[in-house]
S.K.: 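So that we are looking at the same thing, I have put the structure below in C-alpha cells.
Numbers restart at 1 for each chain; the letters A, B, ... are given by sequence-line order, proteins then strands. Quick caveat: nothing in here was measured; it's all calculated off a predicted structure. Computed over heavy atoms, backbone and side chain alike; hydrogens, waters and symmetry mates excluded.
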Amino acid sequence: MHMSEIMEMLIRRGYLWQSFEIYGGMAGFIDYAPLGNNLRRKIENIWRRYFVINERAAEIDTPTIGIEEVFIASGHATSFTDVAIECESCGRVYRADHYVKEKLGIEVDETVEAVKEVMDVYELKCECGGKFKDPAPMNLMFSTTIGPGRGKKGYLRPETAQGMFVDFKRLANFFREKLPFGVAQIGRAYRNEISPRQGVIRLREFNQAELEFFVHPGEKKHPNFSLYANDVVKLVDKFDNEHEISLEEAVEKGIIANQILAYFIGKTRRFLLEIGIKDEKLRFRQHKDDERAHYATDCWDAEVLTSYGWIEIVGIADRTDYDLKRHSKYSGEDLSVFVPYDEPVKVRKRKIVPILSKLGPVFRQKAKKVAEALESLNVESEPEEVEVEVDGEKIKVTKEFFEVQDVEEEVVGEKVIPHVIEPSFGLDRITYSVLEHSFGKDVVDGEERRVLRLKRWVSPIEVAVLPLLSREPFESKAMEIVHTLRENGIFTDYDDSGSIGRRYRRYDEIGTPFCITVDHQTFEDDTVTIRDRDTTAQVRVEVSKLPEILKELLRSERDITEFGEVFRQV
RNA sequence: GCGCGGGUAGUCUAGCGGUAGGACAACGCCCUUCCGAGGCGUUAGCCCGGGUUCGAAUCCCGGCCCGCGCACCA
C-alpha cells in the first residue's frame, strides 16, 4: 500500500481514518479522528465568524434528506443524472452526450430515449469497435425511501444550498424583507461518485459550508468592499490569462463581473490565509463557459496547490435568480421581495375601468372575473371591443361595459426576485489542504524533525503540560496546571511517557504550538517554561500568569520571548 | 466502471508451498534536571471469501481497499 508521508502521519497520529476499516473499508468515506475533528471544528468556527457573524447573515440547519420535488425544481434530478453508455466488449463507460458530440458532432438531449434514437440511427460503435449496451441513467444523488412500504421518493442532498432556497419565504420575512441578506449552512452533503479517490479529495459524504447571499439584481455590490479592494490576488480568467491584481482593479477592468463577487473572493482569501493556507499556493480560477454548473452565470473557484496538484476548495458562484425562480414555479409560491423605491414614482397609465352595474346582469357569476381580466389589460387607444380570457373561455367585451381612463398612479416599489451570490466551501478539502500546507521538516540539534506548523488558533491540542521527570512531585504539579488551563477553556494535554525530548517531538508532529514544562525550578519559585513549537525556544513564566499569557499567545502570532525571560534558546 | 501495480503488528519491512522474523512506535517497571538516550519486560500481524494441495502469507478465482492511467467529477 502506498501512502504519502503526510497521510501516513495523519492516520497514525489520529487526524483521519478510513471509514469501516475493520470491514475492509469503503471508498469515498472517511472518519474524522480526534485531532482531525477538532481541527475541522475550529476551521468551521472561524468560517462562522467571517461569513455569518460579520455579515448580515444567519445560519440555519435543514434536513440532509430532501423530497423529490426539491431536486426536480433545483434541476439536480435531471442535470445530476447523466445518461451513460457502456461498451459490451471493452466495458468502457462514457457520458452519452459527450461521446455523441465528439464522434458525431451532434448535440443530443440527455434523455435515454433521445440517446437511444441517435445511437440507432447512426449505428454508434465504441472506439474499440464493440457494440454499446442500451443507454442507462447514472444518477449522482443517493436515493432513498421516506416512510414504510413504497413510501415517498427522497434523495440525500447533493449540496446544502437547496434547504436555504426552500426556506426563502420565511428567511426573507426573518430579515424584514430587506436586501441584502445572507443565509448560511454548515453540514453534510452526498454524491454517489463513480470512483472516489485521492483520500479526502473526492468523497461520497462530505462537509460543506455554504453562504447564500441574496442581493438586488441591480445592485451586485457589497457595502464593505473597501475592506478588500486593495488586496492583490492571483486570478486565472476563463481564457487562461493570469493576473496578479488588486480586486478593485479587477472589477474596473471587467475581469471579475461585479463588485460582490470580488468582495467574496477577497473575503475568502483572507479566511483561507487565516486558517493557514499559503498565499503562494492559492489562486482564483474562473470557470470556462462550458464548465459551469447548470445554475451559474459566473463562477470563481479558490484553488490550492497540494500534492494532488491544484484542487478546488471553494466555489464562488453567481447563481442569479435561477433557484428562486425554479422553486417559485414548481411550488407555486411567490418568492420575491418587495423593494421600495427611494422615492415613489408617478406613472401615468391608461387603463380600463369596468362598469360593474352593466357587467353584472349580462355576465352573471362570471362578471367578477371578467372585470378583473379587464383591469389587467394594457390599452393604448380607446378600443371598440376587447377580448378577455376567463377560465379558458374567450369572451368579447364591447365598450359599453367599460370606460377608458387616464390615471396617474404612485408606484412605491417593485417585486424583485433576488439574485444569489454563493460562496461554497468544501470543508474536507480545506482541512486537508491546511494540514498539507502546514506540514514541514527541519533540523533540531542535528536531527531531522517533523513539525506541523498549524496556525495557533486552529491547532487541535493547544498546549501540552509535561513533567520534566516522570515522578513526584513533577507529575502532580503538572496535573494541577492541566486542570487550571482546562478550566480556562484551553485544549490541554498531559504526557509523562518517555523522555522530555521524545514528548516535544510528539507534540511537534501533531502541531501543538506550546509545551509547558514543570522542572526543578518550579518548586523553588513557582515558574514553568513555555516552549515554542516553531523555534523550540523556551521562556520562563510564573505559573499564575500562564492562562492569561497562553490565551494571548493562542490568539496572536506574538513571540513567546515577549512574555518571559529566555530559558533556553536553540 | 475498465486496465496496470500493490495489501504481512499502530507504522515500515523480511519471508514468496512446510506452523510468521525484525525495526520503529505503544504500554509497564528501572534510570534520567530539557529536545525521538539506555536497560528489562509486555501487547500486537499475513485484507476478506472460495479453490488447488497432505500442507497456502506464498499458487489460482472472486470481492474489498490503496496507488497510477482512461473515463467520470452537478
Side-chain angles (χ1 to χ4, degrees), chain A residues 1-5 7-9 11-14 17-29 71 74-82 84-87 89-96 98-99 110 126-128 130 136 138-141 158-159 161-162 189 191-199 201-204 287 291-296 299 308 311-312 315 317 424 443-451 466-471 474 497-509 515 517-524 528-529 531 533 536-538 540 567-568 570:
Chain A
M1 195 201 296
H2 294 275
M3 206 184 298
S4 68
E5 198 179 357
M7 272 314 285
E8 186 271 310
M9 186 281 283
I11 292 167
R12 185 167 41 80
R13 289 299 201 189
W17 292 326
Q18 168 70 244
S19 295
F20 318 115
E21 198 175 5
I22 65 166
Y23 288 104
M26 177 56 67
F29 298 93
F71 301 111
S74 73
H76 287 96
T78 50
S79 80
F80 236 65
T81 307
D82 299 323
I85 45 176
E86 185 182 350
C87 173
S89 50
C90 75
R92 283 191 169 189
V93 178
Y94 301 94
R95 252 184 80 165
H98 287 189
Y99 194 78
E110 271 208 87
C126 177
E127 280 174 359
C128 76
M138 185 172 67
N139 198 306
L140 286 173
M141 285 192 293
E159 57 173 7
Q162 295 307 322
R191 290 173 200 180
N192 202 356
E193 296 282 354
I194 297 160
S195 67
R197 274 209 196 154
Q198 301 176 311
I201 305 304
R202 267 174 85 188
L203 294 172
R204 288 183 165 128
H287 279 204
E291 191 183 355
R292 283 191 300 269
H294 61 275
Y295 48 71
C299 184
Y308 298 106
I311 60 167
E312 173 198 344
S424 171
V443 174
V444 171
D445 286 356
E447 276 199 71
E448 187 179 83
R449 145 182 107 128
R450 303 208 289 188
V451 53
L466 316 171
L468 181 62
L469 299 179
S470 47
R471 64 164 190 245
F474 299 91
S497 76
S499 70
I500 189 76
R502 173 193 295 255
R503 290 174 324 213
Y504 288 150
R505 294 300 159 79
R506 234 185 237 160
Y507 286 102
D508 289 342
E509 192 177 21
C515 290
T517 305
V518 173
D519 61 9
H520 291 88
Q521 197 177 326
T522 305
F523 301 99
E524 292 162 19
V528 289
T529 61
R531 172 189 179 271
R533 175 195 68 202
T536 76
Q538 284 176 290
R540 187 164 285 282
F567 168 68
R568 179 175 179 271
V570 179

S.K.: In chain order, what residues pass the salt bridge (Lys or Arg N to Asp or Glu O under 4.0 Å) check against E159(A), with sequence neighbours excluded?
M.R.: R319(A)
S.K.: Return the polar atom pairs (N/O with N/O) between nucleotides 36-41 of chain B and the protein under 3.5 Å, or none.
M.R.:
unit_1 : atom_1 : unit_2  : atom_2 : d
G36(B) : OP2    : E447(A) : OE2    : 2.9
A37(B) : OP1    : R502(A) : NH2    : 3.2
A37(B) : OP2    : S499(A) : OG     : 2.6

S.K.: Between C66(B), C72(B), C35(B), which one does the side chain of R531(A) approach most closely?
M.R.: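 Of the options given, the side chain of R531(A) lies nearest C35(B).
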S.K.: Among residues at least two apart in sequence or on other chains, which ones pass salt bridge (Lys or Arg N to Asp or Glu O under 4.0 Å) with R505(A)?
M.R.: none
S.K.: What nucleotide, of C27(B), U32(B), C35(B), holds the atom closest to the side chain of S497(A)?
M.R.: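 Comparing C27(B), U32(B), C35(B) against the side chain of S497(A), the answer is C27(B).
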S.K.: Under the salt bridge (Lys or Arg N to Asp or Glu O under 4.0 Å) test, which residues partner E193(A), sequence neighbours left out?
M.R.: R202(A)
S.K.: Starting from C1' on G10(B), measure out to CD1 on I11(A) and report it in whole angstrom.
M.R.: 11 Å
S.K.: In whole angstroms, how far is the C1' atom of G1(B) from the CZ atom of R202(A)?
M.R.: 12 Å
S.K.: Give a yes/no answer on whether the side chain of Q18(A) brings an N or O atom under 4.0 Å of OP1 or OP2 in C66(B).
M.R.: yes
S.K.: Using atom names, set out every protein N or O paired with an N or O of nucleotides 43-48 of chain B below 3.5 Å, distance rounded to 0.1 Å.
M.R.:
none

S.K.: Sequence neighbours excluded, which residues qualify as side-chain contact (heavy atoms from CB on, under 4.5 Å) partners of S470(A)?
M.R.: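 Counting only residues at least two positions away or on another chain, S470(A) forms a side-chain contact (heavy atoms from CB on, under 4.5 Å) with E475(A), D496(A).
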S.K.: Using the test side-chain hydrogen bond (donor to acceptor under 3.5 Å, both in side chains), find all partners of Y504(A) that sit at least two apart in sequence or belong to another chain.
M.R.: T517(A), Q538(A)
S.K.: Identify, with sequence neighbours excluded, every residue that meets salt bridge (Lys or Arg N to Asp or Glu O under 4.0 Å) alongside R204(A).
M.R.: none
S.K.: So which nucleotide from C64(B), C72(B), C34(B) ends up closest to the side chain of M26(A)?
M.R.: C64(B)
S.K.: Could you tell me the separation between the CD1 atom of I22(A) and the P atom of G10(B), rounded to a whole number of Å?
M.R.: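 Between P of G10(B) and CD1 of I22(A): 13 Å.
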S.K.: Using heavy-atom distances to pick each residue's nearest nucleotide on RNA chain B, tell me which of E21(A) and V518(A) is more 5'.
M.R.: E21(A)
S.K.: Calculate the interatomic distance between R204(A) atom CZ and C65(B) atom C1'; express it in whole Å.
M.R.: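 Distance check: R204(A) CZ to C65(B) C1' gives 12 Å.
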S.K.: Using the side-chain contact (heavy atoms from CB on, under 4.5 Å) criterion, which residues pair with R502(A)? Sequence neighbours excluded.
M.R.: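 Here the qualifying residues are S499(A), R506(A).
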S.K.: In whole Å, what is the span from the CZ atom of R12(A) to the P atom of A25(B)?
M.R.: 11 Å
S.K.: What I want to find out is whether D508(A) reaches R503(A) closely enough, with some N-O distance under 4.0 Å, to be called a salt bridge.
M.R.: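 The answer is no: the pair does not qualify as a salt bridge.
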S.K.: Are the side chains of N192(A) and M141(A) in contact, using a 4.5 Å heavy-atom criterion?
M.R.: no
S.K.: Without decimals, in angstroms, what is the distance between E8(A) CD and G7(B) P?
M.R.: 17 Å
S.K.: Whole angstrom is fine here: how far is it from CD1 in I201(A) over to C1' in C68(B)?
M.R.: 16 Å
S.K.: In the structure shown, which nucleotide is the Watson-Crick or G-U wobble counterpart of G55(B), with both distances under 3.5 Å?
M.R.: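 Base-paired to nothing in any strand shown.
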